[in-house]
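In the text below, chain A, chain B and the rest are named by the order of the sequence lines, each starting its count at 1. Since this is a predicted model, take the numbers as computed values, not measurements.
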Amino acid sequence: MSEQTGGTPLGDSPTRTDAELLAAHCAGDPDAFTEIVRRHKDRLWAVALRTTGNPEEASDALQDALISAYRRADSFRGDSAVTTWLHRIVVNASLDRLRRRSVRTWVPLPDEGTGESPATLVDDARLADPRAAAESSETVREVRAALDTLPPDQRAAIVLVDLEGWSVEEAAQALDCPVGTVKSRCFRGRAKLAERLAHLRNPDAPGPVVLPDNGAVTTDGEGGAP
Amino acid sequence: MSDSDIGGDLPPLDPELAAWLAADAPGPMPDDVWAGIQSRLSDEAPLVPAGVVDLDSERERRRPRRVLPWLVGAAGVMVVGAVVVPSLQTSSPAPVADGASTAQPAVAAAPATEAGGAVASAPAASPSGSDAGDASGIVTAIPRSIIATGTDYSGESLPEQVTSLLSTSGMVDQAAVTAALTASPAATTMPGVGLSSSPEALADCLGRLGLPPDAMPLVLDRGTVNGRDGSLIVTIGAQDSAGIPTALHAVAVGQDCSEEDVAAAQHLDIPLR
């Protein structure tokens, strides 16, 4: 792994921040960029996989994105965290692939009872109750099917905001659109997901999704969309 | 369907929808994908350091018809690199205990990096004992946000991972965290298993982790901790006399929040500016 190469002195700590590593990369350190990616690879993978809905495409999108980021690291201007910048590039590479796919194909799922694909690491192993495991697996299948029906832009907004926990503002930067557009896409995407997954709903659970006239999704007690 | 702008705040995600989405945690990056990325990155030539002129490139530069694309690329690297490199090296990371890495919220260009370092720590309160960690005091152990990034929170990467999460979730300063606190919780029920199975389970876990009763959970991110199922929980770490948050506390803990998980939990303090 990389050594310190002219970055900020860190005393006894051999670890550098992402920003320091990116600076080292720009200064010619051959290992610095890989170290940044190593730190955040799981999250980058999650974004690519959830956006494309396909492990192979996610892998290809990630490679394309990271090579692009590697080559144009000097375009990073420091107005966001390094990892945010990286995620933006990965999201856009994933969206490019998603948009190029003229006909959506269903994500191959593992055969029943024969284990999981690399992307199907869900709760099953944690659940001792076979029935609960089966229900969880079925839920995952349903969720993926529902996500797969969303238009790419809505899907990306849902992935970033509702699955990855990004702020609407960060998502807007990543998706290069106004904040209100991200909200709108989330509203509409949520509404579609709620509709498609309604059969999974627990009738005893609070906070059912309602769909006001303006199309925004709210929960009980929220009083409708702003 | 149009994507017309909608004003106001985005409402919290419906709890059941949040549960369904969180059930599909993608898990860590597969080894073969990581190997492929490493291979491709290793095939790339290192960037040319700012201020260093490669002699071969310089010779080629004298033959503009053949090497114009190379010349443009190299010039871009040199010019922009000269601007970016110094700007990225201006911050001094805060010292970190236990050899963990340092991290600043947002980026090095942030004005308050001196106070902004994430610092590995453990809560002052003892997680054991009959009084310490009384989970019943944590009334609303319902995170404002429940997500499943699939991150493997581990050791020296934890500060950067937490900083990344907070940065993308917008919780980078007191105003943003205060705003998050005033928002409605993400759910009145919680998805998942173990500590994320219910508000009571989370409150119990926070108590056993030694967090004070007012450690309001902001974010619960389901993923793994050192390769095992677990969650990162971000709470309010400290407040001033006016109730304004002055620090966040993040803890990565195994999903069962067992005694073993509590003992192995990784804590991090993140000062707010």
Proximity breakdown for Leu165(B) and chain A, heavy-atom pairs closer than 4.5 Å: both
Measure Ala45(B) against the heavy atoms of chain A and call it side chain, backbone, both or neither at under 4.5 Å.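 Answer is backbone: N, CA, C or O of Ala45(B) sit under 4.5 Å from chain A.
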Looking at [options], which makes the most heavy-atom pairs under 4.5 Å with chain B?
options	result
Asp162(A), Thr83(A), Thr84(A)	Asp162(A)
Pro30(A), Ser59(A), Ala174(A), Pro151(A)	Ser59(A)
Gln173(A), Lys41(A), Glu170(A), His40(A)	Lys41(A)

Chain A contacts, top residue of [options] (heavy-atom pairs, under 4.5 Å):
options	value
Ile37(B), Val33(B), Leu41(B), Asp31(B)	Leu41(B)
Ala176(B), Gly36(B), Ala148(B), Gly170(B)	Ala148(B)
Ile147(B), Asp152(B), Asp221(B)	Ile147(B)

Can you tell me if [X] and [Y] form a side-chain donor-acceptor pair at under 3.5 Å?
X	Y	result
His199(A)	Glu142(A)	yes
Thr51(A)	Ser94(A)	no
Asp31(A)	Thr34(A)	no

Check this for me: does any side-chain nitrogen of one of [X] and [Y] sit under 4.0 Å from a carboxylate oxygen of the other?
X	Y	result
Arg16(A)	Asp29(A)	yes
Arg185(A)	Asp153(A)	yes
Arg155(A)	Asp148(A)	yes
Arg38(A)	Glu35(A)	yes

Check each atom of [X] against the heavy atoms of chain B and say whether the ones under 4.5 Å are side chain, backbone, both or neither.
X	answer
Val159(A)	neither
Arg43(A)	both
Asp64(A)	both
His25(A)	both
Gln63(A)	both

Quick one: does Glu160(B)'s side chain have a donor or acceptor within less than 3.5 Å of a partner on Asp18(A)'s backbone? yes
Measure from the side-chain N and O atoms of Asp43(B) to the backbone N and O of Arg40(B), and report whether any donor-acceptor pair falls under 3.5 Å. no
